[in-house]
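Scroll down for the structure; my scribbles are underneath it.
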Amino acid sequence: MIKLRESRMSEIPVYQNYINGEFQPHSASYIEVTNPANGELLSRVPNADTSEVEAAITAAKKAQKAWAAKPAIERAQYLHKIADKLRQNAEHLAAVITKEQGKVLSLATVEVNFTADYLDYMAGWARRIEGEIITSDRPGENIFMFRKPLGVVAGILPWNFPFFLIARKMAPALITGNTIVIKPSEETPNNCFEFTRLLDEVDLPAGVFNVVCGTGYGVGQALTSNSQIDMISFTGSVATGSAIMAAAAPNVTKLNLELGGKAPAIVLEDADLDLAVNAIKASRVINTGQVCNCAERIYVHTAVADKFIEKLSSAMAATRYGDPMKQSDLEMGPLINQASLDKVISMVSKAKSEGAQVITGGKVADIGPGFHYEPTVLAGCHSDMEIMQKEIFGPVLPVQVVASLEEAVELANASEYGLTSSVYTRDLRQAMRAIDLLDYGETYINRENFEAMQGFHAGTRKSGIGGADGKHGLYEYTRTHVAYVQN
Ligand code: NDP
């Protein structure tokens, strides 16, 4: 059988959907993918229609029973082989990610290697997936609880960590015996197709992994409203998460939603200020502030506020940023698109009109083409400003001064989001008190925001439903089956 992988249209790669183990010819329209640092046209990708979505779901459905029947340790071997391929091609993959997404090359390389490690980590669960034996009320009865796959998973990806998110959805799905249909973001599909090219080389059984590319309202809607989908695993905005819930409702499809955050960073009077500044800066300039779990608002104790703001502003002002394919030593690249840049401009402008003072940054960066915004610190912020409530997703740190841990926690909890939070203090009792009081899925003490693959990345309120990573993330991709066996 001929494998159609990539054809050429005036030197620009044209990618094809991957359905039932084949790159399939696509005759409908294409989407153009561009580099956010300079507007360069990078590729054309399919804008799939409903029939292509249905073909992918049918292929995944057909493959699922045989895939689940394989011993988990055999399924694990495929994940290990894909991980090896990723490591061997890390340099190429990192460049693909950087060109379409805009993150600096060093971070893209971390993303590729972390993705490979994640596949290995999830493969390592093959011999550890466990059910339970439950004590019965009846003599001579055993109650067994089995863990079984759900069936076909739809994985809908965002653009901020597009490569890692493939593995975060696919690895737990496949190791537990599910098959998957992936829809990459139309902003960043190239890395997903390059991942798939490598996956194709390990001869995974046809239909186990499928990629259908297109828009959210087209492919996304067709996937999430399809009755043959058994679970939707989505990462992205609250608005899209709500739309997916509505699409899933008629079929009562299981949902796993990671919908972002407004992470508070609390800096107490006894904090190591240099550590706090370095960690908060790192967690805001990484990926140009476009990360769901990184510091989005700061509450600093009044006793150290002036000193902290001065140090933070110097650190942010010193950030090296620009076109990541032109300079290798950068800390930050452009924002993903014009809409994101417009959102940051509008939020900072509104904050200024509400009384915030720009200590550093505060405008579009004058460095040529691309969606670049200056690293920014805003002082004099207060809790009823939009910038202290809504997700910015850009390199802007609004700071509010507080009188106590209790005040900081109260403000931190008064948010529609509840994903991550961080606290800087040298006093272990204050740290433990903060952990008790914070209504969040994750809290980082004296360190930058970045979760471990063996943890559990989950939030409360509008930050989502369910979570990812570790044992608990793995079991999200299973259902239980209880059997009562009377002797
Ligand atoms: P979206 O939530 O719109 O997009 C994420 C994914 O969902 C994309 O693949 C998108 O498709 C798809 N999608 C969009 N609409 C639907 C739908 N009705 N049904 C199914 N799938 C759909 O995020 P944006 O890219 O528009 O980013 C907007 C904001 O979302 C950001 O500024 C940020 O605040 C937040 N966000 C949070 C992320 C996180 O890590 N939690 C990640 C990304 C964004 P496509 O875009 O291809 O049309």
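Note: hydrogens, waters and symmetry copies are ignored here, and every other heavy atom, side chains too, is used. Remember, it's 1-based here, ligands and their atoms both numbered in the order they're listed. Just so you know, residue 1 is the first one in the sequence shown, and it goes up from there.
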Seminar exercise, completed: Contact region, Gln290 to ligand 1, non-hydrogen atoms below 4.0 Å, reads neither

Exercise. Looking at Leu157, which atoms of ligand 1 are within less than 4.0 Å of one of its heavy atoms?
Worked result: 6 (C), 8 (C), 9 (O)

Exercise. Which bit of Phe161 gets closer than 4.0 Å to ligand 1, counting heavy atoms only: side chain, backbone, both or neither?
Worked result: neither

Problem set entry | Centroid-centroid under 6.0 Å between Phe393 and Trp159 rings | yes

Problem set entry | Cation-aromatic face contact Lys183/Phe234, 6.0 Å, 45 degrees | no

Problem set entry | Nearest-contact summary for atom 27 (O) of ligand 1 - protein heavy atom, Å | Trp159 NE1, 3.6 Å

Problem set entry | Atoms of ligand 1, numbered as shown, that sit under 4.0 Å from any heavy atom of Ser185 | 9 (O), 47 (O)

Problem set entry | Atom indices of ligand 1, in the order listed, that fall short of 4.0 Å to a heavy atom of Pro158 | 42 (C), 43 (C)

Exercise. Which of these passes side-chain hydrogen bond (donor to acceptor under 3.5 Å, both in side chains) with Gln101: Asn287, Asn191, Asn35, Thr188?
Worked result: Asn287

Exercise. Under a 4.0 Å heavy-atom limit, does Leu259 contact ligand 1 with its side chain, its backbone, both, or neither?
Worked result: backbone

Problem set entry | Thr478 vs Leu150 side-chain heavy atoms within contact, under 4.5 Å | no

For this session: Pull out every atom of ligand 1 sitting under 4.0 Å from any heavy atom of Lys343, numbered as shown with elements.
Result: 32 (O), 34 (O)

For this session: I would like to know whether Tyr78 and Trp67 meet ring-ring contact (aromatic ring centres under 6.0 Å, His included); could you show each step before the answer?
Result: CA-CA 11 Å; Tyr78 289 101; Trp67 177 247; 5.6 Å; yes

For this session: Specify whether the nearest protein heavy atom to atom 40 (O) of ligand 1 is under 4.0 angstrom away.
Result: yes

Exercise. So, is Glu187 polar-close to ligand 1, with some N/O to N/O distance under 3.5 Å?
Worked result: no

Problem set entry | Distance from atom 21 (N) of ligand 1 to nearest protein heavy atom, with residue and atom | Gly220 CA, 3.6 Å

Exercise. Without hydrogens or angle criteria, can the side chains of Asn293 and Glu451 be said to hold a donor-acceptor pair below 3.5 Å?
Worked result: yes

Problem set entry | Ser422 side, atom OG; Ile280 side, atom CD1 - distance, nearest 0.5 Å | 5.5 Å

For this session: Would you indicate whether the side-chain heavy atoms of Leu255 and Met245 approach each other to under 4.5 Å?
Result: yes

Exercise. Is the NZ or CZ atom of Arg168 positioned over Phe163's six-membered ring, under 6.0 angstrom from the centre and within 45° of the axis?
Worked result: no

Problem set entry | ligand 1 atoms in contact with Asn160 (distance to a heavy atom under 4.0 Å) | 39 (C), 40 (O), 42 (C)

For this session: Please determine if Glu391 and Lys262 form a salt bridge, counting it only when a charged side-chain N lies under 4.0 Å from a carboxylate O.
Result: no

Exercise. Would Gly214 count as a contact of ligand 1 if the rule is a heavy atom under 4.0 Å away?
Worked result: yes

Exercise. Where is the nearest protein heavy atom to atom 5 (C) of ligand 1: which residue, which atom, and how far?
Worked result: Phe234 CE1, 3.8 Å

Exercise. Considering only heavy atoms of Thr215, which atoms of ligand 1 have at least one such atom less than 4.0 Å away?
Worked result: 48 (O)

For this session: Give the numbers and elements of all ligand 1 atoms closer than 4.0 Å to a heavy atom of Ile244.
Result: 19 (N), 20 (C)

For this session: Go through ligand 1 atom by atom and flag the ones less than 4.0 Å from a non-hydrogen atom of Glu258.
Result: 41 (N)

Exercise. Which protein heavy atom lies closest to atom 19 (N) of ligand 1, and at what distance to 0.1 Å?
Worked result: Gly216 O, 3.5 Å

Exercise. How about Gln389 and Glu416: do any of their side-chain heavy atoms sit closer than 4.5 Å?
Worked result: no

Exercise. Between Ala243 and ligand 1, does any nitrogen or oxygen pair lie at a separation below 3.5 Å?
Worked result: no

Exercise. Among Cys292, Ser225, Ala154, Ser237, which residue places a heavy atom closest to atom 28 (C) of ligand 1?
Worked result: Ser237

Exercise. Within a strict 4.5 Å, meaning less than it, do heavy atoms of the Lys352 and Val358 side chains meet?
Worked result: yes

For this session: Have a look at ligand 1 and work out which part of Glu391, if any, has a heavy atom under 4.0 Å from it: side chain, backbone, both or neither.
Result: side chain

